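Structure first, commentary second.
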Protein chains: 2
Amino acid sequence: MAPLQLDRLDGTAFATDPGLLLARANADSIAATNRALAEFGLRVRSYAVLAAAASAIRPTQRELAEFLRLDPSQVVALVDDLERRGLVRREVDPADRRVNAIVATEEGASLSTLASTAVTEAREHRLAALTSEELATLTELLARVVHARPAE
Amino acid sequence: MAPLQLDRLDGTAFATDPGLLLARANADSIAATNRALAEFGLRVRSYAVLAAAASAIRPTQRELAEFLRLDPSQVVALVDDLERRGLVRREVDPADRRVNAIVATEEGASLSTLASTAVTEAREHRLAALTSEELATLTELLARVVHARPAE
DNA sequence: TATTGTTATACTCTATAACTATA
DNA sequence: TATAGTTATAGAGTATAACAATA
């Protein structure tokens, strides 16, 4: 049988550039995840906001922006959309009336659960090349990188 | 001294979602890399094309699109820009005149070298939380994921 | 004064389809 | 017929600044 012909470019030095690998892996991840989310009317970013809203932690819009690497104004648009669809609510903090906690409605919470299952399945298919130990290692290293973000 | 206050959202279940971690790490990576590339008039994507063109491998536009997860039409625009600036050339393949090999000019090659140094420095700063062994592990796992991309 | 959320705007990136020239 | 590259266009995502309400 014919030998597996890997991409010629994968042999070059810059093919091991971590930033480039990150970008390629992320592009694949977004494409596959958006496909998995399409049936729920969600995309990667709206799903992330919904999942955060469905947690017990009652994130503020500011926290969502920081956590998801979004500008606060982008969070406004995402929350507007989810709120119009009855999936999340803005709850004004009585102690500081500038602040909105974003919480999932009952409908939003169950949609989040369904979507989460689909996302997990798509990921397992996509990351089948890794053992579960390797996936755990990858996840832990990425978490360290993300948490250690330098100030500037 | 005050305890380190991690992001509240980092305690939630979806904070360990590999896709989300990938997206957050990539957002940080793109932002930091674009800052490092600004003085060269490059951005992440144009740098990637230039670096590929500066390799010995003479990539075609099709290969660049596949490798960088770009649509072929996006490669046209990126190469147009680099070509206008005298950094790369399109060389028609005499054996198949539909195909262009993208090769760096002398000026493009030296800019690529300078930019590569800046990108590496920015990365070392950004990934200082990882040991070099951990970085090697992260790189290898990402490469496996990227190469194993399922058909659909 | 500083911060949260909001509006407005422009720019970059991505996705799709149709076209041409070669094969 | 099929493939490499191109053009055109629309949509999604990102970046910036200015503003109102609240602290």
Side-chain angles (χ1 to χ4, degrees), chain A residues 8 20 22-24 26-35 37-38 41-49 53 58-84 88-103, chain B residues 8 19-20 22-24 26-35 37-38 41-49 53 58-84 88-102:
Chain A
R8 289 196 310 132
L20 195 42
L22 215 47
R24 297 165 73 194
N26 189 48
D28 291 345
S29 168
I30 288 176
T33 308
N34 277 340
R35 270 196 304 267
L37 288 171
L42 295 171
R43 298 178 64 76
V44 164
R45 294 184 320 147
S46 50
Y47 165 69
V49 170
R58 299 175 56 84
T60 70
Q61 293 187 198
R62 214 70 188 187
E63 286 175 324
L64 288 172
E66 167 74 10
F67 180 74
L68 299 173
R69 296 340 190 220
L70 301 173
D71 189 85
S73 62
Q74 300 172 39
V75 176
V76 171
L78 290 165
V79 171
D80 279 352
D81 174 59
L82 293 172
E83 193 175 45
R84 262 192 300 270
V88 306
R89 269 193 310 271
R90 285 174 163 95
E91 295 192 354
V92 175
D93 182 346
D96 182 344
R97 302 188 37 249
R98 292 173 305 183
V99 174
N100 292 332
I102 307 303
V103 297
Chain B
R8 287 197 310 132
L20 194 43
L22 214 47
R24 295 166 73 194
N26 188 48
D28 291 346
S29 169
I30 288 176
T33 308
N34 277 341
R35 270 195 304 269
L37 287 171
L42 295 171
R43 298 179 64 77
V44 165
R45 295 183 319 148
S46 50
Y47 166 69
V49 170
R58 299 175 55 85
T60 70
Q61 293 187 198
R62 215 71 188 189
E63 287 175 323
L64 288 172
E66 167 72 11
F67 181 72
L68 299 173
R69 293 350 187 213
L70 301 173
D71 190 86
S73 63
Q74 301 172 39
V75 176
V76 172
L78 289 165
V79 171
D80 279 352
D81 174 59
L82 292 172
E83 194 175 44
R84 262 192 300 270
V88 305
R89 271 193 310 272
R90 285 174 161 95
E91 294 192 354
V92 175
D93 182 345
D96 182 344
R97 301 189 39 250
R98 291 173 304 182
V99 174
N100 293 331
I102 307 303

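In this text, all values refer to a predicted model and were calculated from it rather than measured experimentally. Sequence lines set the chain letters: A, B, ... in the order given, protein chains first and strands last, and positions in each chain run from 1.
Of all the heavy atoms in B:R97 and B:P94, the pair that sits closest is CG-O, 4.0 Å. The minimum heavy-atom distance linking B:L37 with B:V44 is given by the pair CD1-N, 3.8 Å. Looking at every heavy atom in both residues, B:R8 comes nearest to A:R58 through NH2-O, 3.3 Å. When all heavy atoms of B:L68 and B:V49 are compared, the pair lying nearest together is CD1-CG2, 3.8 Å. Across every non-hydrogen atom of B:Q74 and B:L70, the tightest pair is OE1-CD2, 3.3 Å.
Rounded to a whole Å, the CG atom of B:L42 is 15 Å from the C1' atom of C:dT12. To the nearest angstrom, P of C:dA23 lies 12 Å from CG of B:N100. A:R45 places its CZ atom 13 Å from the C1' atom of C:dT14, with the value rounded to the nearest Å. Taking atom CG of residue B:D80 and atom C1' of nucleotide C:dT12, one finds them 16 Å apart after rounding to whole Å. Whole-Å rounding puts the A:D81 CG to D:dG11 P distance at 16 Å. With rounding to whole Å, A:E83 atom CD is found 13 Å from C:dG5 atom P. Taking atom CZ on A:R43 and atom P on C:dC13, their separation rounds to 17 Å, with Å as the unit. Distance CD1 (A:I30) to C1' (C:dC13): 11 Å, rounded to an integer number of Å.
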Protein N or O to nucleotides 16-23 of chain D N or O, pairs below 3.5 Å:
| from | atom 1 | to | atom 2 | distance (Å) |
| --- | --- | --- | --- | --- |
| D:dT16 | O4 | A:S73 | OG | 3.2 |
| D:dT22 | OP1 | A:R97 | NH1 | 3.4 |
| D:dT22 | OP1 | A:R97 | NH2 | 3.2 |
| D:dT22 | O2 | A:R98 | NH1 | 3.4 |
| D:dA23 | OP1 | A:R97 | N | 2.9 |

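The backbone N or O of A:R69 lies less than 3.5 Å from no partner atom in the side chain of B:R24, so there is not a single donor-acceptor pair. In this structure, the side chain of A:S46 does not engage the main chain of A:L42 through any donor-acceptor pair within 3.5 Å. Side-chain atoms of A:Q61 do not come within 3.5 Å of backbone N or O of A:N100 as any donor-acceptor pair.
Annotation: the span from B:L78 atom CG to B:R43 atom CZ amounts to 11.0 Å, rounded to 0.5 Å.
B:R90 has no side-chain polar atom (N or O) that falls below the 4.0 Å cut-off from OP1 or OP2 of D:dA4.
At the heavy-atom level, B:R69 lies nowhere under 4.0 Å from the strands shown.
For B:L78 and A:V99, each mapped to the nucleotide of DNA chain C holding its nearest heavy atom, the one lying further toward the 5' end belongs to A:V99.
Taken residue by residue, residues 58-68 of chain B places no heavy atom nearer than 4.0 Å to DNA chain C.
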